[in-house]
Undergrad: 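Please read through the structure below; I'll follow up with questions.
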Number of protein chains: 2
Amino acid sequence: MATIKDIAEAAGISIGTVDRIIHNRGRYSRATADKVRRIMKELNYSPNIHARGLKKTRNYSFAAVIPEEYQDSGYWKLVADGINRASEELSSFCKKAEMYHFDRYSSDSCVHTLKSALDSGCDGILIAPVIPEAVQDVLGDADIPFLFIDTDIPDENKRIAYIGQDSYQSGVLSGKLMLMMLKKEVTNNGEYILIIDPPGSNYHLKSRIAGFRSYMEKNCTSLMLKQVKIDTDDERLFHSEIAGHIKETEQLPCGIYVANSSVYYLASYLEKLTEKYTGIPVIGYDLIPGKERFVENETINFILTQQPEEQARLGLMMLYDVLVLNRHPESEVIMPLHIITKENLHTFRKEIFQTG
Amino acid sequence: MATIKDIAEAAGISIGTVDRIIHNRGRYSRATADKVRRIMKELNYSPNIHARGLKKTRNYSFAAVIPEEYQDSGYWKLVADGINRASEELSSFCKKAEMYHFDRYSSDSCVHTLKSALDSGCDGILIAPVIPEAVQDVLGDADIPFLFIDTDIPDENKRIAYIGQDSYQSGVLSGKLMLMMLKKEVTNNGEYILIIDPPGSNYHLKSRIAGFRSYMEKNCTSLMLKQVKIDTDDERLFHSEIAGHIKETEQLPCGIYVANSSVYYLASYLEKLTEKYTGIPVIGYDLIPGKERFVENETINFILTQQPEEQARLGLMMLYDVLVLNRHPESEVIMPLHIITKENLHTFRKEIFQTG
DNA sequence: CTATTATGCGTGTACGATAACGCATTCTAC
DNA sequence: GTAGAATGCGTTATCGTACACGCATAATAG
């Protein structure tokens, strides 16, 4: 591997000059710069990351600004886990990541939290801009690099990257799996699919449901779709609300689609019911530690996930790459859409719960 | 983070002595060693990987011993890709990985190839022990660390790790998906599922098929399973062999399960047939670059994969961790079992075809 | 009691990139 | 025409670890 010393020798100058040219720092002549850049390409130079890491001039610190962990049915807990893991990994390079939580339903809270993060003097920020306007307001005069996870603000061209998921497509996929599970030809005698629109109303929920509906409408016109909005994020209240929709006295749904991880609330409800209710196909989102049981016993038939932990972890790693290593990662990363079911659940555990 | 300098100061000695104690090298007194080790624990010392990597004392070299790329329907090409990628990643640390191929049906070839790999003076070997006895014979007197991918030899306790897949479970999962795709209640009027037992006979093929049969036998006794052995690994010959089993004049299978990546040969065959044949549910294995089309147009309905590229990449990275960084990774890693279908294919491309 | 070996430990340098510092030379201004 | 600024570039110390070298002192032999 070529080093800057090799380049300096080849160009007949000193390593200091090469360094200045590489980093656009200090003073150098145009001619020398051109020559150095040409030689760098010829020698296929790439900096030695160890040497670079060794000379730790600064202790970079990052901030992660995301909603409260319990919101969106515990989804943000998963994101927080990813941040914590990244934080540990980075700690060996003397880098720190601080987490800031805000109320995803309060623009004020978002603005406020984001401002304190900026004021903390960190060198880079990872943000979940679930309230785009609030975030854009504050970021207007920010001068440090930032990166979005979960939700994108495409016209925010100062962001260094977006890491997210294809929610619409996950809805489409859910539709496909749902239809596959309905073995018998569907008749039009009142049978229906229940779509549960979970508490909170965000972009992902909407587009997941839109994807699901789109698939169903294209591939199964005979089946009714009944969509209900649930307004509580508390498990017990969820149960009583859902009880109003799944009644012994009325026809049961022939399939249930829950657009986020509150599918586990539904599962704990279904589990307590009599045999009559069992076997209804259920599709939902996200692997929640400690709740694998519902997938194992097939109360939930399919879980889709685009690895929220990994999204967060990747985000922080990207900040590190950009700030510390001076790299230029992809500006948009869409996570793979994983299908998890009883039969492959155990092969995912380690990856998702331990190392990513 | 504490450095050896901190330790030396705390112990009132020089860094040279600390170094010798850490590495059990040279001479030092018992008393000093005890003191140093105590202080190391107190200060929670862990070596700076950058500093360690920077001082490239040796150019470690690794060997990867796997079957010929074209064998097992091109499966080993994927593994080779993973090795090449790992090799590139490692090259920035001045480490090299050399690939050795053998004929997976020849014990002699395996023994011979493995021996040359050992003789090459490499510092660690990654092996796909598809012929366990041959591998064990040669490894008996090997004194360098080795690691298995793809196939395990559990009683080989000298291996530092095994990276593999749960093939039985992937068969079970295939069974589930297959039954889900057969929408109509299955009658017993001659309908059957075609199981294609691809060329080559290895542990994974057998256990995938066993898993598939097991699921079908438990969950769908009414359906016949017709298993056919294909003996050629050439696409055109495959087509003519399969033509003997899927005939216009006879009843068509209501589903086809191909136990490895030769599912793409089947797909190219099915694609050329008349409309009558289309729509048969097909399940197979592995994402082959350039053949995504068959999943997109749903000639193949589901692809299962346990990321052969990633298995190989991980294997080499582990060798690096063990040999160069002195770490102790997991001794057994089972890769996640991914389900890929038209609707999530595009989210996987980047991960599988670029960065892993 | 000296000659030799063994033992414990300190010094110095290398690894590659970084970045502060400062020396020359050239350019500009009055 | 010379002071002062601007420009181009070389030198050097630093990060933490690895490891060769070699200096002392202690132990042992003759």
Side-chain angles (χ1 to χ4, degrees), chain A residues 1-37 39-40 43-60 91-95 123 320-321 323-327, chain B residues 1-37 39-40 43-60 90-95 123 320 323-327:
Chain A
M1 279 309 245
T3 71
I4 55 169
K5 197 177 159 194
D6 298 328
I7 296 168
E9 274 169 21
I13 53 174
S14 78
I15 60 166
T17 309
V18 176
D19 176 70
R20 259 172 273 125
I21 290 167
I22 290 176
H23 296 286
N24 275 320
R25 134 168 39 109
R27 302 178 295 243
Y28 51 83
S29 72
R30 182 66 200 274
T32 322
D34 287 345
K35 192 203 268 180
V36 164
R37 280 193 257 270
I39 293 172
M40 271 170 49
L43 298 185
N44 192 22
Y45 171 79
S46 100
N48 181 313
I49 64 162
H50 290 309
R52 206 168 239 189
L54 187 54
K55 190 89 180 66
K56 65 156 199 296
T57 55
R58 266 181 76 190
N59 272 348
Y60 285 92
S91 73
S92 62
F93 307 114
C94 295
K95 311 292 175 298
D123 306 286
Y320 175 80
D321 269 15
L323 281 165
V324 183
L325 303 182
N326 238 333
R327 289 194 186 143
Chain B
M1 285 304 250
T3 70
I4 56 168
K5 196 177 159 192
D6 298 329
I7 295 168
E9 273 168 23
I13 53 174
S14 78
I15 58 165
T17 309
V18 175
D19 176 71
R20 259 169 272 127
I21 290 167
I22 290 175
H23 297 284
N24 276 318
R25 136 169 37 109
R27 302 176 296 241
Y28 52 84
S29 73
R30 182 66 198 276
T32 321
D34 288 345
K35 194 203 268 182
V36 164
R37 280 192 257 270
I39 293 173
M40 273 170 47
L43 299 185
N44 192 21
Y45 171 79
S46 97
N48 181 313
I49 65 164
H50 291 309
R52 191 167 258 189
L54 187 54
K55 187 86 178 72
K56 62 160 203 291
T57 55
R58 264 181 80 189
N59 273 349
Y60 283 91
L90 290 173
S91 73
S92 62
F93 308 113
C94 295
K95 311 292 175 297
D123 307 286
Y320 176 80
L323 280 166
V324 183
L325 304 181
N326 240 333
R327 288 192 187 145

Undergrad: Compare every heavy atom of A:Ile7 with every heavy atom of A:Met40, then report the nearest pair and how far apart it is.
TA: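 In this case the closest contact between A:Met40 and A:Ile7 is CG-CD1, 3.4 Å.
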
Undergrad: Measure the distance from NZ on B:Lys35 to P on C:dG8 and round it to the nearest whole Å.
TA: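 The answer, rounded to whole Å, is 15 Å.
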
Undergrad: In whole angstroms, how far is the C1' atom of D:dT14 from the CG atom of B:Asn48?
TA: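 Computing the B:Asn48:CG to D:dT14:C1' distance gives 13 Å.
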
Undergrad: For a quick test of reading the model, state the closest non-hydrogen atom pair linking B:Ser14 to B:Ala8 and the distance between them.
TA: C-CB, 3.6 Å

Undergrad: Nearest whole Å is fine: how far is D:dC9 P from A:Arg25 CZ?
TA: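 After rounding, the gap between these two atoms is 16 Å.
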
Undergrad: Can you tell me the distance, in whole Å, between the CG atom of B:Asp6 and the P atom of D:dG16?
TA: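 The distance from CG of B:Asp6 to P of D:dG16 comes to 8 Å, rounded to the nearest Å.
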
Undergrad: With sugar-phosphate meaning primed atoms plus P, OP1 and OP2, does A:Ile4 contact a base, only sugar-phosphate, or nothing at under 4.0 Å between heavy atoms?
TA: base

Undergrad: Picking from D:dC15, C:dG10, D:dG8, which would you name as closest to the side chain of B:Ser14?
TA: C:dG10

Undergrad: Counting only side-chain N and O atoms of B:Ser29, is one of them less than 4.0 Å from OP1 or OP2 of C:dG8?
TA: no

Undergrad: On DNA chain C, nearest-nucleotide positions of B:Arg27 versus A:Thr3: which is more 5'?
TA: B:Arg27

Undergrad: Does A:His23 put a side-chain nitrogen or oxygen below 4.0 Å from OP1 or OP2 of C:dT18?
TA: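 Yes, such a contact exists.
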
Undergrad: Rounded to the nearest Å, what distance is computed from the CD1 atom of residue B:Ile15 to the P atom of nucleotide D:dA18?
TA: 10 Å

Undergrad: Hey, is the side chain of A:Thr17 poking within less than 4.0 Å of OP1 or OP2 on D:dG10, counting only N and O atoms?
TA: yes

Undergrad: Between B:Ala51 and B:Gly12, which has a closest nucleotide on DNA chain C that is more 5'?
TA: B:Gly12

Undergrad: Looking at B:Ile21 and B:Ala33, what are the two nearest heavy atoms and their distance?
TA: CD1-CA, 3.6 Å

Undergrad: On the side chain of B:Arg20, is there an atom forming a donor-acceptor pair with the base of C:dG10 - under 3.5 Å, no angle test?
TA: yes

Undergrad: Quick one: are B:Ile22 and B:Tyr45 in side-chain contact, heavy atoms under 4.5 Å?
TA: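 SC-SC contact between B:Ile22 and B:Tyr45 confirmed.
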
Undergrad: Distance check: side-chain N/O of A:Arg52 vs OP1/OP2 of C:dT18, anything under 4.0 Å?
TA: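 Result: yes.
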
Undergrad: Just call it for A:Ile22: base, sugar-phosphate, or nothing, with non-hydrogen atoms closer than 4.0 Å on any strand.
TA: nothing

Undergrad: Measure the shortest side-chain to side-chain distance between B:Val18 and B:Lys5 over non-hydrogen atoms and say whether it is less than 4.5 angstrom.
TA: no

Undergrad: Measure CG/B:Asp19 against P/C:dC9 and give the value in whole Å, please.
TA: 14 Å

Undergrad: Would one find a side-chain N or O of A:Tyr45 under 4.0 angstrom from OP1 or OP2 of C:dA17?
TA: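 So the side chain of A:Tyr45 is within the cut-off, an N or O lying under 4.0 Å from OP1 or OP2 of C:dA17.
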
Undergrad: Nearest to the side chain of A:Ile13, heavy atoms from C-beta on, is which of D:dT11, D:dG10, D:dT14?
TA: D:dG10

Undergrad: I need the CD1-C1' distance between A:Ile7 and C:dA17, as an integer number of Å.
TA: 11 Å

Undergrad: Nearest-Å distance, CZ (A:Arg30) to P (D:dA6)?
TA: 22 Å

